[in-house]
Every structure is written in C-alpha cells, then in structure tokens.
Amino acid sequence: MKASALSLLAVVGIAFAQDQCGFPTSVHKSGFESGEQVSSVTLPPDNTPLVVTINGPADGSTVNINAVQYYGTYTGPSNSGVSVNGVRALTNANAFVLPRVLLKPGANTLTFQQASTDSAPIVSTRTITYTAAPSNVLFTANSPGDYAPTTMPFSLSTVLPANQTSVTRVQVDYNGDGNFEVDSAGPVALLYAYENPGLYVATARVTFDDGVIATPMVVIEDSTRVMIQSMAFTRQTLCGLYASMKTRLSQNQIPSALNTLAPALQPRFSPVWAALNQANQLTLAASRLGQIVDGQLSRNSAELRVAIPTAVPGTFKGFTVLFRRDISGVWRIEGM
C-alpha cells in the first residue's frame, strides 16, 4: 500500500480511539466514500459502569399484538450490548431498541442480557401476556434501524373494528415531532429519509368510519421506534476496541486483551501472546500492530484494514481485522 492515502496516519491531536483509525472518515458502511456524518464523537470511558433501563413495554403488561418492541436507555462503555431472547438490540451512545420479539398466546417470559467488553453478562427476565385479540392497527419499520443518513420503508396493516366499514384517513408522523408527514385518504407509499442519528418514535394514526354521519369515527394509533445510528460512534467504538487490545498487550495484560477477541479466536492467540510475553517481546509486538486506515462496516460486522510502516519510507504492509457483534450485542475481534 502506498502512502498517498496512508500518510493520514500522521494526523495527531485527536481522541485515543480515533488515533487508532488514522483518518476515521474513511471507514463507512458502503465502502471508502467521502464522509457521511461528523468525523468524531466523544466516547465514555471504558470503565463506566453499565446500567440498562428498559423503558417499555412494562414488565407484566398485557398486549393484543403478537410482536412487541423493547426499548430503553443505558449508560456504560461504548462497546455495550443488550439482547432479548438472543436477538441483539441496536445501540447508539445512550439508547437501545430491539426488533419486534414474537410472542405466543398467553404468558411469555423473555430473557434480557446486558454486557460489555469486560463485564460478565447480566441476565434478567420480564413477563408479558399476549391476549391474541385482533390488532386493528399495526405500524412497523422494515428494519429497527440503520446508519444515518438512510431512507426507511414502513408497513401499515389494519383490521376493521367492529361495525366499521372503511379506512377514511391515514396520518403518519415519522420523526415524533407532532407533525404528520403523511395525511392521506387512500393508500400511500410509506418511507422516510432520516438525516441525523437518534432514536425516533414513528406513529401512524388511522381513522375508521361506518358510513353513518351520526356516529363518531374511530381513531386508532400505533407507534414503532427506529434507531438511526451514528457512523462515527460505531467507527470509534471499533477503533477503541482495537486500541484497547494493543494497550492491554503493551501492559502484558493477556487475560484482559483476550476479552477483546471472540471466544473462537482466543485459543489461537493466547499461546502466541504468552510466548511473546515469556520472551519479553509482547510490548514491542503490540507497538508494531499498526493503525486502522480504512474499511467497511455494517450493523453487526466490520472489515477494517490496518497499515504498518515498513523500513522503506512511504510504504506500508497491512492486514485485515474482522469485527462482529456477538449474541449479546458486544463487538469482538473475530479475525486478524
């Protein structure tokens, strides 16, 4: 690899995690295009205690739909994860949202798990009862979220309430600002362009009518949450994870460094690192691991490229580091 792009490694005066990315805006979801969002964000310290608050649905509640969406807030390290019944939540700095979890009729017990790079998973349960009654309005996003900017399609299904004969009005507020971007008497394409990161509450309001002027119309709403993620937050979380592995190795903290790796990768590197440590070479080896210079990431995986300067000025050698979110939603290094 030539230094024309990699000379960006010389950038200084930026955050620790960002340092490990060289020029971080070269890491994107769709390739190596120009920046889509801000180049950096402020990450919480890795030793921040992980505290998760589930804001809904309430424990012990009863619903009449067969799929519910859990959401909430958290404080903790940037590399924190939340999952329900093995389904990973989308996280973004301080909030999380899950895809809809399927329910069976009657009482359901759901298993929540929260974890971070170093913390042992904390497991808890919540109950929710599904009455199997018909849901007159069900409004969902085609995905629980994506990186900003993105255009999100939505789906709306309706069942006529008793004695009602038609749908006369559909209103949709996609971003929770109280204004309806859609206000239609008939079918309409449901999609919205989200420009900025955030947790948005999208609401559909449907008006039903029985055709009798003397009787009031029936208005029913349903809401869904959409997590629009920050590319900078995920990018620096991954860079921070890579930086943490290097730092722990430089301090001869092999058990701690192994926490940054996926369990399947740990048996491969544990004896290598132990041998380097025995030879008093681990700190030197860690210092030569290089920096991330570009790559590509998605919601649950990433492939980032590391550049290492060679003895020939202006030239580099490199390797690829693979990252993946595990079942708890925590990022780990899966290959390198």
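Keep in mind it's a predicted model, so treat the numbers as computed, not measured.
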Requested in this report: With rounding to the nearest 0.5 Å, note down the distance linking OG in Ser298 to OH in Tyr147.
Outcome: 7.0 Å
Query raised in the report: Does a side chain donor of either Arg248 or Ser256 reach within less than 3.5 Å of an acceptor in the other side chain?
Result: yes
Report task. Hey, could you give me the CG/OG1 distance between Leu199 and Thr73, rounded to the nearest 0.5 Å? Result -> 10.0 Å
Query raised in the report: Does the side chain of Thr75 pick up a donor-acceptor pair with the side chain of Asn94 at under 3.5 Å?
Result: no
Query raised in the report: Can any side-chain N or O of Asp326 pair as donor or acceptor with the backbone N or O of Val330 at less than 3.5 Å?
Result: yes
Query raised in the report: Would you call Ile254 and Asn277 a side-chain contact if the rule is heavy atoms closer than 4.5 Å?
Result: yes
Requested in this report: Identify the heavy atoms of Val167 and Phe208 that sit nearest to each other, and give their distance.
Outcome: CG2-CE2, 3.6 Å
Report task. Could you go through the side chain to side chain donor-acceptor pair (under 3.5 Å) check for Asp209 and Thr165 one step at a time? Result -> CA-CA 6 Å; Asp209 192 11; Thr165 59; over 6 Å; no
Query raised in the report: Would Met336 and Leu322 count as a side chain to side chain contact (heavy atoms under 4.5 Å, CB included) if you check the C-alpha gap in whole Å, the side-chain angles of each, and the deciding distance to 0.1 Å?
Result: CA-CA 6 Å; Met336 59 180 174; Leu322 304 178; over 6 Å; no
Report summary line: Heavy-atom nearest pair, Ile65 first then Tyr130, reads O-CD1, 3.2 Å
Query - pair Gln113-Ile122: side-chain heavy atoms closer than 4.5 Å - result: no
Report task. Work out which heavy atom in Leu304 is nearest to a heavy atom in Gly295; give both atom names and the distance. Result -> CD2-CA, 3.8 Å
Requested in this report: Could you check Ser143 against Arg299 for side chain to side chain donor-acceptor pair (under 3.5 Å), going step by step and ending with a plain yes or no?
Outcome: CA-CA 11 Å; Ser143 166; Arg299 209 163 67 193; 2.8 Å; yes
Query raised in the report: Is there a donor in the side chain of Gln69 and an acceptor in the side chain of Thr224, or the other way round, less than 3.5 Å apart?
Result: yes
Query - Any donor-acceptor N or O pair under 3.5 Å, side chains Asp210, Asn163 - result: no
Query raised in the report: Can the ring centroids of Tyr192 and Tyr200 be said to lie less than 6.0 angstrom from one another?
Result: no
**Report entry** Side-chain (Ser287) to main-chain (Leu284) donor-acceptor, under 3.5 angstrom
**Finding:** yes
Requested in this report: Flag the pair Arg169 and Asp183 as a salt bridge only when some basic side-chain nitrogen lies within less than 4.0 angstrom of an acidic carboxylate oxygen.
Outcome: yes
Report task. Measure the shortest side-chain to side-chain distance between Met152 and Leu191 over non-hydrogen atoms and say whether it is less than 4.5 angstrom. Result -> no
Query raised in the report: Taking Lys246 for the side chain and Gly290 for the main chain, is one N or O donor matched with an acceptor at less than 3.5 Å?
Result: yes
Query raised in the report: Strictly under 6.0 Å, is that where the ring centroids of Tyr242 and Phe323 end up?
Result: no
Report summary line: Closest non-hydrogen atoms of Gln266 and Leu258, given as atom of the first, atom of the second and distance, are NE2-O, 2.9 Å
Report task. Please step through side chain to side chain contact (heavy atoms under 4.5 Å, CB included) for the pair Thr125 and Leu110, ending with a clear verdict. Result -> CA-CA 5 Å; Thr125 59; Leu110 305 179; over 6 Å; no
Requested in this report: Give the intermediate values and the outcome of side chain to side chain contact (heavy atoms under 4.5 Å, CB included) for residues Ser80 and Tyr74.
Outcome: CA-CA 9 Å; Ser80 299; Tyr74 71 94; 4.1 Å; yes
Query raised in the report: How about Ser230 and Arg235: does a side-chain donor come under 3.5 Å of a side-chain acceptor?
Result: no
Query raised in the report: Would you say Val159 and Val218 are hydrophobically clustered, going by side-chain heavy atoms of ILVMFWY under 4.5 Å?
Result: no
Report task. Flag yes if Val188 and Val172 sit in one hydrophobic cluster, no otherwise; membership is Ile, Leu, Val, Met, Phe, Trp, Tyr, and two members link when side-chain heavy atoms are under 4.5 Å apart. Result -> yes
**Report entry** Point-to-point distance, once rounded to the nearest 0.5 Å, from OG1 of Thr117 to CG of Asp46
**Finding:** 6.5 Å
**Report entry** Nearest non-hydrogen partners of Gly76 and Thr48, listed with the distance
**Finding:** CA-CG2, 3.6 Å
Requested in this report: Answer yes or no: is there a side-chain heavy-atom contact under 4.5 Å between Tyr70 and Arg100?
Outcome: no
Requested in this report: Group every Ile, Leu, Val, Met, Phe, Trp and Tyr by side-chain heavy-atom contacts under 4.5 Å, then state whether Leu241 and Met245 land in the same group.
Outcome: yes
Query raised in the report: Donor-acceptor pair, Asn66 side chain versus Leu103 backbone, under 3.5 Å?
Result: no
Requested in this report: Indicate if Phe112 and Val51 have the same hydrophobic cluster label, given that clusters are the connected sets of ILVMFWY residues with side-chain heavy-atom separations under 4.5 angstrom.
Outcome: no
Query raised in the report: When you measure from the side chain of Arg325 to the backbone N and O of Ser301, does any donor-acceptor pair fall under 3.5 Å?
Result: no
Query - Point-to-point distance, once rounded to the nearest 0.5 Å, from CG of Asn92 to CD1 of Ile228 - result: 9.0 Å
Query raised in the report: Just wondering, do Asp173 and Arg205 contact through their side chains at under 4.5 Å, heavy atoms?
Result: no
Query - side chain to side chain contact (heavy atoms under 4.5 Å, CB included) between Asn252 and Thr283, worked out - result: CA-CA 7 Å; Asn252 298 315; Thr283 297; 3.9 Å; yes
**Report entry** Thr127, Asn85, Ile128 screened by side chain to side chain contact (heavy atoms under 4.5 Å, CB included) with Asn108, the one that passes
**Finding:** Ile128
Report task. Hey, could you give me the CG/CG distance between Leu238 and Leu297, rounded to the nearest 0.5 Å? Result -> 6.0 Å
Query raised in the report: Looking at side-chain heavy atoms only, is the closest gap between Val206 and Leu156 below 4.5 Å?
Result: yes
Query raised in the report: Ignoring hydrogens and geometry, is there a side-chain-to-backbone donor-acceptor pair from Thr237 to Phe233 under 3.5 Å?
Result: yes
Query - For the student: nearest non-hydrogen atoms of Pro267 and Pro263, plus distance - result: CD-O, 3.1 Å
Report task. With the side chain counted from C-beta on, respond yes when Val293 and Val306 share a heavy-atom pair under 4.5 Å apart, and no when they do not. Result -> no
Requested in this report: Answer yes if Val201 and Leu190 sit in the same cluster of Ile, Leu, Val, Met, Phe, Trp and Tyr residues linked by side chain heavy atoms under 4.5 Å apart, and no otherwise.
Outcome: no
Query raised in the report: From Ser166 OG over to Met217 CE, what is the distance, rounded to the nearest 0.5 angstrom?
Result: 8.0 Å
Query raised in the report: Between Ser116 and Ser119, do the side chains contain an N or O donor and an N or O acceptor separated by less than 3.5 Å?
Result: yes
Requested in this report: Please answer whether the main-chain N or O of Gly240 pairs with a side-chain N or O of Ser244 as donor and acceptor at a distance below 3.5 Å.
Outcome: no
Requested in this report: Determine whether Arg88 and Ile327 make a side-chain contact, defined as any pair of heavy atoms from C-beta on separated by less than 4.5 Å.
Outcome: no
Requested in this report: Output, in order, the C-alpha distance, side-chain angles, deciding distance and verdict of ring pair (Phe, Tyr, Trp, His ring centres under 6.0 Å) for Phe154 and Tyr174.
Outcome: CA-CA 9 Å; Phe154 289 79; Tyr174 288 112; 5.1 Å; yes
